[in-house]
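Everything on this sheet refers to the single structure shown next.
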Amino acid sequence: GNLRRIAGEFLPWEELPARDGEVCGIQLIFRGSKELSMFDVMEKAEAIAGCFADGVNVLWQIEVCDKNEILVFVAQPMS
């Protein structure tokens, strides 16, 4: 099969991950209060996806949490 490397990092809500054109898939877990707006989450998901190559696969979800943060997992081809 096509092996991949998976890496994860926590980001404060205000930050974006480093640009990387080699990423082929990302999973975003948005954590925040019940007041977290779906519009804000969708805008942030688009901004994060823009840090990677066109056509990157994006999976995102929302979890209620005390702290606003984003958990980002990226999948890259093994080199």
Side-chain angles (χ1 to χ4, degrees):
N2 191 3
L3 298 176
R4 307 228 183 271
R5 181 174 67 89
I6 306 291
E9 73 175 298
F10 283 98
L11 289 177
W13 184 262
E14 303 78 25
E15 292 185 23
L16 291 174
R19 292 195 174 278
D20 189 338
E22 296 296 312
V23 171
C24 52
I26 57 174
Q27 178 182 5
L28 307 171
I29 301 174
F30 294 92
R31 294 178 172 163
S33 67
K34 291 181 182 180
E35 287 78 37
L36 193 61
S37 149
M38 182 65 84
F39 180 77
D40 290 341
V41 169
M42 289 172 47
E43 262 191 341
K44 192 65 173 186
E46 284 183 7
I48 291 173
C51 292
F52 305 103
D54 290 340
V56 68
N57 295 310
V58 179
L59 172 67
W60 58 277
Q61 67 190 63
I62 300 172
E63 293 180 354
V64 176
C65 185
D66 296 335
K67 191 167 146 181
N68 288 344
E69 64 185 5
I70 305 163
L71 180 53
V72 180
F73 293 99
V74 297
Q76 295 175 309
M78 291 293 280
S79 51

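Keep in mind that this is a model prediction, so the values were computed, not measured.
- For Glu9, the CD atom sits in a packed shell: over 12 heavy atoms of surrounding residues, nucleotides or ligands are nearer than 6.0 Å.
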Inset, instruction - For Glu14 and Asn68, run side chain to side chain donor-acceptor pair (under 3.5 Å): C-alpha distance rounded to whole Å, both residues' side-chain angles, the deciding distance at 0.1 Å, then the answer. - result: CA-CA 9 Å; Glu14 303 78 25; Asn68 288 344; over 6 Å; no
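- If you take CD on Gln61 and CG on Leu28, they are separated by 9.5 Å, rounding to the nearest 0.5 Å.
- The two residues Cys51 and Pro17 make their nearest non-hydrogen contact at SG-O, 3.6 Å.
- Glu43 CD to Ser37 OG: the interatomic distance, rounded to the nearest 0.5 Å, is 8.0 Å.
- Taking CD from Gln76 and CG from Asp20, the interatomic distance works out to 4.5 Å, rounded to the nearest 0.5 Å.
- When all heavy atoms of Leu11 and Leu16 are compared, the closest pair comes out as CD1-C, 4.0 Å.
- In the hydrophobic clustering of ILVMFWY residues, with side-chain heavy atoms under 4.5 Å counting as a link, Met42 and Leu59 come out apart.
- Criterion: ILVMFWY side-chain heavy atoms under 4.5 Å apart, direct or through other members. Under it, Val64 and Phe30 are not part of a common hydrophobic cluster.
- Taking CD from Glu15 and CD1 from Ile48, the interatomic distance works out to 10.5 Å, rounded to the nearest 0.5 Å.
- Side-chain contact between Phe10 and Ile70: absent, with no pair of heavy atoms (C-beta onward) separated by less than 4.5 Å.
- We find the CZ-CD1 distance between Arg31 and Ile62 to be 13.0 Å, quoted to the nearest 0.5 Å.
- For the pair Gly8 and Phe73, the tightest heavy-atom approach, listed with the atom from each and the gap, is CA-CD2, 3.8 Å.
- Side chain of Lys44 to backbone of Trp13: a donor-acceptor contact under 3.5 angstrom is found.
- Using a distance-only test at 3.5 Å, with no hydrogens or angles considered, a donor-acceptor pair links the side chain of Arg19 to the main chain of Gly50.
- Between the CZ atom in Phe52 and the CD1 atom in Ile26 there is a gap of 5.0 Å [rounded to 0.5 Å].
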